[in-house]
Amino acid sequence: MRTALVYHEEMTAARLLWDDPECEIERPERLTAAVERLQQGGLEQRCLQLAAREASEAELGLVHSPEYVSLLRGTQALSTEELQALSGQYDAVYFHPSTFHCARLAAGAALQLVDAVLTGTAHNGFALVRPPGHHSQRAAANGFCVFNNVAIAARYAQKQHGVRRCVGAAVGWGLRRTESGGVGCSETPCGALLCRGGLLAPRWEAQPLSGLCTPYPRILIVDWDVHHGQGIQYIFEDDPSVLYFSWHRYEHGRFWPYLRESDADAVGLGPGRGFTVNLPWNQVGMGNADYMAAFLHVLLPVAFEFDPELVLISAGFDSAIGDPEGQMQATPECFAHLTQLLQVLAGGRVCAVLEGGYHLESLSQSVCMVVKALLGDPAPPLLGPMVPRHSALESIQSVRAAQAPHWTSLWQQERRPSAVSPGEPKCKAAEAQTSAVLSSLLDQLHLYATPPVRTVIALTAPAAALVLPPDVLHQEGSAPREETQAWARLHEALTQDTAFTALGKVLHLLNGILDGQVSSGIATTPAAAPTLEVVLRQGLSHGAQRVFCVALGQLDRPPDLANDGRILWLNIRGKEAAALSTFHVSVPLSGTTGGFLSCILALVLPLAYGFQPDLVLVALGPAHGLQDPQAALLAALLRGPAGGRVLVLVEQECTCQLVGVLARVLHGEPPPSLGPFSMASPDDLQALAHLRGQLGAQWEMLQLLLECRELVA
């Protein structure tokens, strides 16, 4: 992965020149601490380093008024007293003679990053900038923000790199629920169908709307700063080409910026309705489980349906543990996981731009974690119990309810099958425990070592057609013959020559992963079922405490495998959804993109993150039924829960193309697109709801949707 890092030391020039307790936390050391930590961790050297340029006044004019730009230009000649007087006209802002230059560099850094990513010079990147930008509005500075760096970058990307398309055809614009239950399809002015693939949800209809044809590509802006980025919202609130997601400390309107339009029911205006997604946190102390739940159950379903061509992150780290502004509990490792989840979108074209963050240690560690994720390094396991707080669930449900009329992926999941019993929520009991565990983590923050080898493939036969990244290694060695023989005795099929050779390679690869020498790997075998059983047993005997196994195809759980909570077995196959025990789950494989995504986001990942495994096994057995992009997405998303320790077993007959795409995503590259979005079937949704009803009492990350139904009942 080629990751751009954009920075310029002159952005540290602006500083507060008078006493102002509110503004003193926005200081130059925010940048220098982050840069120093990147250098100490060897991360800066691994990036493509770009010196920020100044944005031109024409580029600033993509978002800001000429009068406002002229006013800021004039601050370069003002005295300290005049700067202080002007600053007092805005909310939480200070000006310095260098502010105009620094702010132009900040905006220009974001533009340089967009250029690098959209021209293919870099795959992704991070712009380290100050002043921040997401509060800045068309004609007003606000909340330390002068120019709206991310908003300017979004408009610049659309105008400078855009291609003409009808965005409405891609995201289903014009579809609205109707009381008549009618199903119809109309056309946009350019003749493109308003529904993907000509499919419309029951009780939805297509309405002819004007103004949907646009030359702009779709851009997703993810604002994980702890403050609401109202500046970005105001700029794009009527624009359906930009999907803006913000979570923020809100406390029912009692936290800055004290805006009614920061609440969940602010969803955009006119044609932009549904393209503003606000998730208000009404209590402090939100942690890793809450942030992950927000992504899995709000952002990602909508984002996959929106299908962006570029992802911009307003990367504020005042939402991290220790920050005096946010008072939240998410550890720096969490931001690596969030970044990895976003990298499966838009072909991996992700541009992060620094916003807030005022605890220097927490800020610098979090920046490093994001850069490591952008570089493709595995994210360290999340710390603390994965139990969403009750207040977080209330907030998540409020935004899902507000957005359901606009997104089929949310509306479908809001339906309540009568057979589902929500069970008793357990989240409140875990809040105190979560807070107690995470409050002690700030003193333990450190960068995790990356295994010497990131990805290895172990093949039983040469594959000349296999195309791999240059640093993915072909494994030559095998486990000692005595060790292989001992395990092969479990199944006669493993004593056959080819299966025996494959088993030795698999055991060698597994030991390398568990010993910390290899991050992840892929192995082929002609005997998937018995090899999988051996791998499970060897993993537990070699030190793994918890193994999450996702088996696809004709692979049944070994009947004599202990059901002691150390193995969570998820079988994706067949026609029946069943929770045979807390640690043995079966779910049908959906044939639609919407059904597949619902299964992964609403079941597989919540189970995986709730289980917190040491090792993830993905077994693609006979008749596994996955298309290559689906298998790649599953493997990419499962890199997170076990800190990148993923072993994929592939039936020998699978194609070289599948092995290649799996190797690339395990190595950190983005998965290929799933193609046009198609809705989940009623049977798929019923199966998922049935399983959540059975498992919700044991798995807190699954309780989310169940408890949310109670909240709106």
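Each residue takes its place number in the sequence, starting with 1. In what follows, every heavy atom counts, from backbone to side chain, and hydrogens, waters and symmetry copies are set aside.
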[atom1]-[atom2] distance between [X] and [Y], expressed to the nearest 0.5 angstrom:
X	Y	atom1	atom2	result
R639	L634	CZ	CG	13.5 Å
H123	L48	NE2	CG	11.5 Å
L603	L607	CG	CG	4.5 Å
L555	L620	CG	CG	8.5 Å
R349	L312	CZ	CG	11.5 Å

With sequence neighbours excluded, what pairs up with [X] under the salt bridge (Lys or Arg N to Asp or Glu O under 4.0 Å) test?
X	result
R155	D239
D115	none
D238	none

Going by distance alone, is a donor N or O of one side chain under 3.5 Å from an acceptor N or O of the other, for [X] and [Y]?
X	Y	value
H690	Q694	yes
D223	Q233	no
N278	S246	no

Heavy-atom pair with the smallest gap, counting every atom of [X] and [Y]:
X	Y	answer
W247	W224	NE1-O, 3.1 Å
L220	F306	N-CE2, 4.1 Å
V587	C599	CG1-SG, 4.1 Å
V117	G125	CG2-N, 4.3 Å
A608	P641	CB-CG, 3.6 Å
L509	A458	CD2-CB, 4.3 Å

Tell me which pairs pass side-chain hydrogen bond (donor to acceptor under 3.5 Å, both in side chains) where either residue lies in residues 602-611, with sequence neighbours left out. H337-Y609
Does S398 have any side chain to side chain donor-acceptor pair (under 3.5 Å) partners at least two apart in sequence or in another chain, and if so, which?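 S398: no side chain to side chain donor-acceptor pair (under 3.5 Å) contacts found.
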Output all residues satisfying side chain to side chain donor-acceptor pair (under 3.5 Å) with N571, sequence neighbours left out; order by chain, then residue number.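 Checked N571 against side chain to side chain donor-acceptor pair (under 3.5 Å); zero matches.
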Ion pair R218/D307, N-O distance below 4.0 Å: yes
